Amino acid sequence: MRFSKAVVKHRVSIIVLTLILMIPAFFGMVKTRINYDMLTYLPQDIDTVIGQNELLDDFGKGAFSFIVIDDMPVKDVSNIKSKIEKIDHVETVLWYDSIFDISVPMELLPDELYDAFNTESSTMLAVFFDTSMSDDLTMDAIRGIRNVCNKQCFVSGMSAMVTDLKDLCEKEEPIYVGLAVLLACITMMIFLDSWLIPFIFLASIGMAILLNLGSNYFMGEISYITKALSAVLQLAVTMDFSIFLWHSYNERRTHHDSNLDAMEEAIQNTLSSVVGSSITTIAGFIALCFMTFTLGRDLGIVMAKGVFLGVVGCVTILPSLILVFDKPLQKTRHHSLIPNMDKFSKKVLHIFPAFLILFIALIPPAYYGYNKTNDEVYYDMGRCLPEDMKYVIANKKLSDEFDISTTHMVLVDSSLKPNDVRNMISEMEKVDGVKYVLGLESIIGSNIPEEVLPDEILEIFKSDKWELLLINSAYRVASNDVNNQINSLNDILKKYDKKGMLIGEAPCMKDMIETTDHDFKVVNAISIIAIFVIIAIVERSLSLPFILISVIELAIFINLGLPHYLGQSLPFIAPICISTIQLGATVDYAILMTTRYKFERTNGADKYHAILTALSTSIPSIIVSGMGLFAATFGVAIYSDIDIISSLCMLMARGAVISMFCVIFILPALMMLCDKLICNTTIGMKSCLNNKA
């Protein structure tokens, strides 16, 4: 009680202190760097990542792009190339005039080399940057290239994609928050008993969100997915705690003359009630931290921190605001639009065997669809962007004009004999889908010694330690074809140089596929085990964790199985995140009903009446909570042009509704079936078996 008394006594000071903390939190949020490159979250000890670092350290080359130029005279192309070379952090621009003077007709080039960089209507420049793929300086350089070039020029490559993604995110993110706030507010006004309380909730949760986003500054950077989703998720997940405090406060007002005394009890009751529910949610997010693909850790830390701050805000900031605005809050109260659920609950229990049959019948198709969806995810981040983005147009142009979908880079020991390099190139060019391999040996041939080449040409492809080769492939990133191609190329490379490295977007994506496939299994297992243990401790039962988790897992299987039956493909990160988020966020619905069932059972009610009371009293809270999560995420899912954001939000919105229905209809049926088992395996409930109606 000391804590609740202190909050009530210092309510004005709490509001003032929170407003003061908003100032550094705002600057912390603004100063936190946002990372838009998924490949940076790969483990640092794999060859592709080591190779990227070697390329940057040894050659001074990090990011790489192709620029396609349509219908332009050779002289004008040379002028544009010169302008691009002057842009900050452009390390090398490779084109025809890098090797020969433009007075020499391009048609005199060997056919293979001419065809590599030219078609009937287009020519192509290869650009290297001296900064990494997702560095802010690289993105500035991409924008600089686009400014220098005209509408006849198309800039492709991972850095161009990251640049477009950043610009689109920065445009959309304020609208995400606006939509989540608007729809959550409308939902609360409909389902709660006050017209004003939704705005108090949003003020309290908004302060906790800003504190969370501001504290991300100490992490150095967060991913764009974390930034886009954290505010929306924190609003949706912590809204339950606010609703619980409001209901508890109004209930206790009827028993106290002083609203201050009522709030003290409400804070105490809320704190003890939301601890168990918040721990399961936090556990779901912490499970993401066990991913070796460290995007999970990024999202997990930020969201676990957000839920914790949401709980703190719910028992400090929110009670203070409610007490300060108590008079207008009471004047604007109205009857809840959710009707009494006694009759509905009786009907549900009357046909509970039908819901048991439904539960069993849904498991096979839901689980089948769930497994198929996991097999059908995509890893090509370019697919996340709308078709009219500059990067997407440029990639299509590169594919249509030059039949190039991705470019690999090979780092091979610079001491390897030129003849061995030529043999290796010859073998690599025979691999399915390889258009050509570009290196010193393929440019100068076997008749021209390296010594006669200018230093600026040699430096493009060779250092004291490594020689660089470019391999252009007709296969799309993250496809089975390109992954098989990478395996074949690696086999050839290791035959000539065991320490050689194949790097680039497609090899990194292949590593990402293998890494996240392992992560999915690990994270899923950890989240289920952690939440099982928490429920077992909170409910002091061995059987209830199995029952509650089985209900929510069915909801997850249905949610993630639907994309397969609807013919949809999800971005790879969606199933991993949704499995843990949906479990952690919606198992609270089941815990709420179970806690009331146990209370009624231990206080003398028989099985039927205990479950009936638990169901009828829990349904309003479950509906408000489920619809709140749905409202906060559904608008973003419909609006966002970034498929990874849209898919995650749609899965969260749909998952909230599916979990809500599963808890309302299937959980009571399982309780009716397993009541004797629950009583025998739950501490303090054995005597309940003697309760009679």
Side-chain angles (χ1 to χ4, degrees), residues 177-209 232-255 259 262-263 265-267 269-271 273-274 277-278 310-311 313-342 344-345 585-586 588-589 592-593 596 615-635 653 656-657 659-661 663-664:
V177 177
L179 281 169
V181 167
L182 176 64
L183 294 177
C185 190
I186 291 170
T187 301
M188 286 188 285
M189 289 176 77
I190 292 171
F191 290 113
L192 291 178
D193 58 356
S194 169
W195 301 116
L196 183 59
I197 193 62
F199 298 99
I200 302 297
F201 283 179
L202 292 173
S204 169
I205 296 170
M207 290 176 184
I209 288 172
V232 173
L233 261 178
Q234 190 174 339
L235 168 64
V237 170
T238 60
M239 198 187 302
D240 297 359
F241 311 148
S242 304
I243 293 168
F244 194 94
L245 178 85
W246 173 245
H247 284 160
S248 181
Y249 170 62
N250 284 316
E251 184 183 334
R252 277 148 185 77
R253 272 180 64 92
T254 60
H255 299 100
N259 65 335
M263 183 57 80
E265 272 196 37
I267 293 170
N269 189 49
T270 300
L271 191 57
S273 299
V274 302
S277 124
S278 64
V311 173
C314 176
V315 293
T316 55
I317 303 168
L318 181 59
S320 303
L321 289 171
I322 288 174
L323 289 174
V324 168
F325 293 98
D326 189 58
K327 286 184 179 178
L329 281 169
Q330 297 305 322
K331 285 180 181 178
T332 56
R333 289 188 67 185
H334 61 81
H335 288 295
S336 173
L337 298 181
I338 301 176
N340 184 288
M341 288 292 169
D342 289 348
F344 174 80
S345 299
T586 65
D588 297 350
Y589 310 164
L592 176 69
M593 188 183 297
R596 185 58 185 264
L615 180 59
S616 60
T617 55
S618 300
I619 286 175
S621 297
I622 292 170
I623 289 175
V624 175
S625 179
M627 294 311 296
L629 180 52
F630 173 83
T633 51
F634 183 71
V657 175
S659 290
M660 184 176 76
F661 280 112
V663 170
I664 290 172

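Residue numbers count from 1 along this sequence. Nothing here was measured: the structure is a model prediction, and the numbers come from that model.
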Asker: Hey, is the main chain of Leu615 close enough, under 3.5 Å, to the side chain of Ser618 for a donor-acceptor pair?
Answerer: no
Asker: Search all heavy atoms of Cys314 against all heavy atoms of Leu245 and return the closest pair with its distance.
Answerer: O-CD2, 3.6 Å
Asker: Using modelled atom types only, decide if a donor and an acceptor are shared between the side chain of Ser625 and the backbone of Ile622 within a distance under 3.5 Å.
Answerer: no
Asker: Please check if the side chain of Ser345 supplies one atom and the backbone of Met341 the other of a donor-acceptor pair under 3.5 Å.
Answerer: yes
Asker: For Trp195 and Met189, work out which heavy atoms get closest and say how close.
Answerer: CZ3-O, 3.5 Å
Asker: Just wondering, do Phe241 and Val315 contact through their side chains at under 4.5 Å, heavy atoms?
Answerer: no
Asker: Applying the side-chain contact (heavy atoms from CB on, under 4.5 Å) test to Tyr249, which of Leu329, Ile267, Leu323 qualifies?
Answerer: Leu323
Asker: If you take all heavy atoms of Ala632 and Ala180, which pair is closest and at what distance?
Answerer: O-CB, 3.3 Å
Asker: What is the minimum heavy-atom distance between Tyr589 and Ala656, and which atoms define it?
Answerer: CE1-O, 4.0 Å
Asker: Is it the case that the side chain of Thr238 and the backbone of Gln234 share a donor-acceptor pair, with hydrogens and angles ignored and the cut-off at 3.5 Å?
Answerer: yes
Asker: Going by the angle between their ring planes, with limits at 30° and 60°, are Phe634 and Phe630 parallel, tilted or perpendicular?
Answerer: parallel
Asker: When Gln330 is tested against each of Leu196, Asn259, Asn250 for side-chain contact (heavy atoms from CB on, under 4.5 Å), which residue passes?
Answerer: Asn250
Asker: Within the side chain of Thr187, is there an N or O that forms a donor-acceptor pair under 3.5 Å with the backbone of Leu183?
Answerer: yes
